[in-house]
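These notes are about the structure you will find just below.
Values reported hereafter were calculated over all heavy atoms of this structure, with side chains retained and with hydrogens, waters and symmetry mates removed.
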Amino acid sequence: MIYCDYQATTPLAPEARDAMLRWLDGPEGTGFANPHSPHKLGRQANAAIEVARERVAALLPPGGRVIFTGNACEAINLAMRGSGTGGRVSVSAIEHPAVFDTARALGGEHVLNVSKEGQCNTAQDLPADTRLVAVMAVNNEIGTIQPTIDWHRKAKENNALFLIDAVQAYGKVEITQADMIAISAHKFHGPKGVGALWVRDGIELDPQITGGLQEGERSGTLSPALVAGMGAAAKLAHERMAEDREHVGQLWDCARELFADWTLNGSETARYKGNMNIRRDGLDVARLMSECRGVMFSAGSACASGSGKTSRVLKAIGLSDKQAKSSIRLGWGRYTSIEDIEKAAKAINAAARAQGL
Ligand code: PLP
């Protein structure tokens with residue numbers, strides 16, 4: 001089995017798993033405590049959460065606080081719905097549904113165009129009544145890196161808040177200044193079921209779920225195991241950032257050669273190199289996938305695949321329905337080897353050849 005679907009989720013790091021076990025079992029079964037209880041066991045669990053908070057914050061800009069959530073969708077919803085009402089929300093055309101559909105649900109959304117390369121540049125106007133701008137750091141389908149520094153500046157010029165969906169960027173590329181930043185542990189070798197919203201000091205959010213407000217603006221008992229796992233994964237990502245980046249670059253170079261006959265969707269240069277979205281005209285992706293069962297990869301994005309709908313992101317960069325439907329997405333990272341890429345390419349290219357391509 002070769003796993004090439006790192007944008008959907010990443011393998012749990014052994015270090016994150018170890019950090020979690022303490023809070024599942026713990027010495028003499030003491031790991032179960034409620035981290036919000038004031039007694040000794042509760043305080044121990046709470047201390048682990050605060051260590052994780054610092055570890056997560058270390059890869060985010062200074063001057064803000066980290067609110068743990070259940071995932072990035074929740075963090076994004078808290079950011080977009082909790083940061084105010086009235087005014088418009090401007091979002092790039094290639095945002096994840098967590099942002100794009102929330103903007104739609106809020107009503108009156110303004111969509112920012114992207115180039116054929118998948119770049120959302122700032123040479124376009126924001127409506128005067130924009131209250132929030134959301135532009136992601138790295139796109140989940142085509143891997144393009146967005147000019148978030150420029151968008152932050154532009155949002156400030158328009159007196160708007162700026163949100164970065166950094167789910168695919170955290171631990172991989174530098175995350176730049178914003179008012180709010182959303183991340184998800186399972187995209188950087190942490191566990192599923194925990195994410196975070198970073199909020200600049202001075203910004204108040206309206207809670208979207210009523211309850212105990214354990215995280216200030218977020219209600220619900222935190223899981224010390226999940227949060228500690230996220231913290232350990234963040235620490236590891238920080239320590240290994242340069243090494244991981246170099247490794248991912250080598251895998252990219254190898255894959256670009258092996259898939260030289262395919263057309264790349266998105267930018268060749270302004271990109272995260274752990275994502276490769278490619279197409280072959282006339283390719284039957286469903287057939288290809290059924291003939292490559294040993295390779296885990298995706299048709300379009302994991303969220304859109306299976307729905308039968310054409311990827312909104314691929315259409316936004318100018319692909320026809322046919323071209324979008326003949327595209328596949330491969331993703332790799334820390335635990336992928338060159339041999340994995342070679343085997344995956346061999347299987348995929350053989351299956352494409354069997355289609356006469
Ligand atoms: N934003 C991006 C760019 C993503 O890739 C994803 C997940 O695929 C999300 C948001 C949602 O993350 P989560 O699964 O933690 O809710």
Side-chain angles (χ1 to χ4, degrees), residues 7-9 67 69-114 118 120 124 126-127 129-144 146 148 151 155 160-170 178-187 192-199 205-209 217-218 266 275 277 298-317 319 321 324-325 327 329:
Q7 280 68 50
T9 196
I67 300 172
T69 61
N71 49 49
C73 280
E74 188 198 329
I76 288 165
N77 271 267
L78 174 59
M80 294 181 71
R81 295 173 190 272
S83 60
T85 49
R88 281 154 77 107
V89 178
S90 290
V91 300
S92 89
I94 58 169
E95 292 301 303
H96 185 275
V99 169
F100 199 83
D101 293 355
T102 307
R104 268 203 179 147
L106 288 169
E109 82 279 9
H110 171 76
V111 178
L112 302 163
N113 295 325
V114 295
C120 182
Q124 49 190 317
L126 286 172
D129 58 346
T130 298
R131 73 158 177 89
L132 172 69
V133 180
V135 177
M136 69 204 317
V138 172
N139 182 265
N140 50 304
E141 291 191 41
I142 53 173
T144 46
Q146 300 303 322
T148 50
W151 277 110
L161 291 173
F162 183 53
L163 165 69
I164 300 181
D165 171 349
V167 168
Q168 299 287 346
Y170 185 88
D179 294 306
M180 295 171 289
I181 299 168
I183 61 170
S184 183
H186 73 105
K187 308 287 184 171
K192 288 159 200 57
V194 59
L197 180 67
W198 177 92
V199 186
L205 297 176
D206 279 335
Q208 297 302 299
I209 305 171
E217 297 97 327
R218 194 263 186 182
N275 171 311
N277 195 315
S298 163
S301 89
C303 303
S305 62
S307 69
K309 281 196 209 144
T310 311
S311 156
R312 167 172 48 78
V313 173
L314 296 182
K315 285 183 88 170
I317 61 169
L319 267 60
D321 267 20
K325 285 189 172 161
S327 299
R329 182 188 70 182

- Query: Between Arg81 and Thr102, is a side chain to side chain contact (heavy atoms under 4.5 Å, CB included) present by the stated rule, with each step listed?
  - Reply: CA-CA 8 Å; Arg81 295 173 190 272; Thr102 307; 3.9 Å; yes
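- Between Arg131 and Thr85, the side chains place no donor N or O within less than 3.5 Å of an acceptor N or O (distance only, hydrogens not considered).
- Residues Gln7 and Ser298 have side chains not in contact (no heavy-atom distance under 4.5 Å, counting atoms from C-beta outward).
- The CD1 atom of Ile317 sits 8.5 Å away from atom CG of Asn139, with the distance rounded to the nearest 0.5 Å.
- The distance from atom CD of Gln168 to atom CD1 of Ile142, rounded to the nearest 0.5 Å, is 12.0 Å.
- With contacts defined as side-chain heavy-atom distances shorter than 4.5 Å, the pair Trp151/Val133 qualifies.
- Atom CG in Leu78 sits 5.5 Å away from atom CG in Leu197 (nearest 0.5 Å).
- With contacts defined as side-chain heavy-atom distances shorter than 4.5 Å, the pair Asn140/Val167 does not qualify.
- Checked by atom type, the side-chain pair Ser311/Glu141 shows a donor-acceptor distance below 3.5 Å.
- Using a 4.5 Å heavy-atom cutoff, the side chains of Phe100 and Ile94 are not in contact.
- Not a single salt bridge (charged side-chain N to carboxylate O under 4.0 Å, His left out) links Lys192 to another residue, sequence neighbours left out.
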- Task: Test side chain to side chain contact (heavy atoms under 4.5 Å, CB included) on Arg329 and Asn275 and set out the steps.
- Result: CA-CA 7 Å; Arg329 182 188 70 182; Asn275 171 311; 4.0 Å; yes
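- Screening residues 84-109 for salt bridge (charged side-chain N to carboxylate O under 4.0 Å, His left out), with sequence neighbours left out, gives Arg88-Asp129, Arg104-Glu109.
- Of the charged side-chain nitrogens involved, at least one lies within less than 4.0 Å of a carboxylate oxygen, so that Glu74 and Arg218 count as a salt-bridged pair.
- Using a 4.5 Å heavy-atom cutoff, the side chains of Leu163 and Asp165 are not in contact.
- The shortest distance between side-chain heavy atoms of Asp179 and Leu132 does not fall below 4.5 Å.
- Note that CG of Asn77 is 8.0 Å distant from CG of Leu106, once rounded to the nearest 0.5 Å.
- For the pair Val194 and Thr69, the minimum side-chain heavy-atom distance is 4.5 Å or more.
- The shortest side-chain heavy-atom distance between Val138 and Thr144 does not fall under the 4.5 Å cut-off.
- How far CG of Leu112 is from OG of Ser90: 5.0 Å, rounded to the nearest 0.5 Å.
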- Task: Report the C-alpha separation of Met136 and Thr148 in whole Å, then their side-chain angles, then the decisive distance to 0.1 Å, and conclude whether the side chain to side chain contact (heavy atoms under 4.5 Å, CB included) test is met.
- Result: CA-CA 7 Å; Met136 69 204 317; Thr148 50; over 6 Å; no
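- Using a cut-off of 4.0 Å between Lys/Arg side-chain N and Asp/Glu carboxylate O, Asp321 and Lys315 are scored as salt-bridged.
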